[in-house]
Amino acid sequence: MTNPTHAQVTFNEFGLPVATVFDDIYFNNENGLAESNYVFIQHNDLLTRWQLERERPFVIAESGFGTGLNLLVCWEQFLQHAPADATLHFISFEKHPLTPADLARALAAFPQLSEPAAELIELYPPAEPGCHRRHLANGRIILDLWIGDIHQQLPAWLPHAADSVDAWFLDGFAPDKNPDMWQPELYAAMATSCVAGATFATFTAAGSVRRGLQQAGFEVAKVKGFGRKREMLCGQLPKVAARPQPPQTEAVTIIGGGIAAACVAHELSQAGVSTEIFSTAVADAASGNPQGAVYPLLHAERSPLADYFCMAFGYATGFYQQQTPALWHPVGVVQLAYTDARQQRYNKISQDSASGGPGYDTALVRAQTSAETQQLWQALPPCPSLYYPSGGWLSPRQVVSQLLANHLVHQGAVLQRISRSSAADGQWQLEFADGQVEHRSRVVLACGANLKHLLEPFAVKLQNVRGQVTQVKANAVSAECPLVVCYKGYFTPAVAGLHCVGATYARDSEDLSTRTADEQENLSNLQDNLAPLHWPQELEPVANRAAIRNTTRDHFPLVGELEEGLWVLGGLGSRGFTAAPLAANALTAALLQRPLPLPAQLWQRLQPQRLRNE
């Protein structure tokens, strides 16, 4: 993927944004709000169409996000005119996203939209390539913001978005200002993505655009333009015979009681699918630690794994802020460069693309000098670091418990085997340790370390890794720790006078008894990596906990349909609370055949079939 850069903008005499590269305005100087309403709302007949009953979200796709004005106009009108249980899915592509500061300044021109604008700005993603899914308006609106050149992002989006779009907003800078966007490939992708009878509207009446849309199969009409503009285009894809309908939203059975299962249950219920859960207990395994850090896994070069974590991290922080706000603490995460090798690696991670580096947005991660590290907290050692300003920590057991609070959970259920039912009904047979046998048509295995033996009959190879965390009593210095500190291990801010120090990493061990040697390893890493500071040496250990992580050989999560009706979410390793929310959302979208929140090539990397024994 390319490394997109923020838009370069100036603000004209009216205080409105102008794109420097394209020498074009983002919206009408006189009344941008009225223009969006006229061109896109009125000429897609949305106010009428939104009032019709439907099982699936109403899907709008847009070719230029810009300031997000079209989204905000839809947001306001949708909440006013659509049924209370209706959902809007707004998908937009943007090559050069505005900076958060420029976005806020641009949207200040519309004080009547201040509330939704503030919510958008709060959840606005960093300028990282790929899809950034955000839930807005208490879940009524789903935003997918695809960052990058639209002609690179469309092939990543389209394989899982065919026959899904109800209306297209063909926006962006004018064809004569931005000819690279207005190409036949865009019009063809529009047609492929549309349901039969879908509509489009665009502010332009350029002949090349009209001909391109007609060639792609759209019926095109010229109508009066907004204000001084003489004409604009609108139309629809002709209605044809009904296409096959996606699967009905019948109940789904989930196996597991940790963060993976909790996120799947939440995402399915949000999509209108009922669930039942079978588990030994709630948050009794790797999701039961007292504290857990949330931050992305980044590489010194752009990689598919780092791309996944860039998207997953942003989704996770928004997810916890919305779903478990009292349990989510976005205090920041710092990674200390405690050796020369670490310092060199972190220098590469923080390099911009002009210098040959990966060019991560500084809103995601930024390098800190020794002095800047100590400004984060004066009790840190004077060494360089990486800082994740939107990272933080949460209470794993409480988060999982809260997410599952309103779901049906059958506890004490230990699944020993899953296989095809002997009856010719296509169902899956679930055999539990107590002799109970159940048959279900749609099952999601999200049971952490138990996946290893459950998937062995399917020739899927996974690895379990034992980890032990140590709780220590806060002292006068450590009690002031304001953020998560990472080194070879990690150290969390105090809760009720206790810090969490972790964590060991023992492959192919499933012994849950705690070990004195592991406690000493956790404390030694903290003391050695933060030397020459003395406060880590004064910490008193008071408790230990061991749990088993489930991992994959390529470090990607395991997400997808293993066989018909049998889905898997696992292999989350030590970053389960960062990876799980987006993985669960993607699984839900795939199960319901809705547009995915991930590029198609990245989704393929998550599929469980990749780990079948050769």
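Numbering of residues begins at 1 and proceeds along the displayed sequence.
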*Find out whether the Lys NZ or Arg CZ of Arg575 is both under 6.0 angstrom from the six-membered ring centre of Tyr295 and within 45° of the ring's axis.*
yes

_Residue list, salt bridge (Lys or Arg N to Asp or Glu O under 4.0 Å) with Lys473, at least two apart or on another chain_ = Glu540

*Would you call Arg610-Asp554 a salt bridge at under 4.0 Å N-O?*
yes

*Does atom NE2 of His534 have more than 12 heavy-atom neighbours from other groups under 6.0 Å away?*
no

_Do the side chains of Arg440 and Glu250 get close enough for a salt bridge, i.e. N-O under 4.0 angstrom?_
no

*State, without any angle test, whether Thr588 and Glu267 hold a side-chain donor-acceptor pair at a distance under 3.5 Å.*
no

_According to salt bridge (Lys or Arg N to Asp or Glu O under 4.0 Å), does anything in residues 510-520 pair up with another residue at least two apart or in another chain? List the pairs._
Arg466-Asp518, Asp511-Arg515

*Okay, side chain of Arg133, backbone of Asp144: is any donor-acceptor separation there less than 3.5 Å?*
no

*Considering residues at least two apart in sequence or located in another chain, which fulfil the side-chain contact (heavy atoms from CB on, under 4.5 Å) criterion with Ala503?*
Val469, Tyr490, Arg549

*asked:* Which residues pass the side-chain contact (heavy atoms from CB on, under 4.5 Å) test with Ala579, not counting sequence neighbours?
replied: Tyr308, Phe309, Pro557, Leu572

*Scan side-chain atoms only and decide if Asp352 and Ser355 contain a donor-acceptor pair under the 3.5 Å cut-off.*
yes

*Could you walk me through whether Phe491 and Trp377 pass the ring pair (Phe, Tyr, Trp, His ring centres under 6.0 Å) test, one step at a time?*
CA-CA 13 Å; Phe491 183 82; Trp377 182 33; 7.2 Å; no

*Considering only heavy atoms from C-beta outward, does the side chain of Cys310 approach that of Leu364 to under 4.5 Å?*
yes

*Below 4.5 Å, heavy atoms only, C-beta onward: do Leu445 and Leu562 meet side chain to side chain?*
no

*Could you check if a side-chain atom of Pro125 sits within less than 4.5 angstrom of a side-chain atom of Leu145, using non-hydrogen atoms only?*
yes

_Asn522 and Thr470: side chain donor to acceptor below 3.5 Å_ = yes

*Write out all pairs satisfying ring-ring contact (aromatic ring centres under 6.0 Å, His included) with one or both partners inside residues 119-138, taking only residues at least two apart or from two chains.*
His135-Tyr315

Identify all side-chain donor-acceptor contacts of residues 399-410 below 3.5 Å with residues at least two apart in sequence or on another chain.
unit_1 : atom_1 : unit_2 : atom_2 : d
Ser401 : OG     : Arg397 : O      : 2.9
Gln402 : NE2    : Gln323 : O      : 3.2

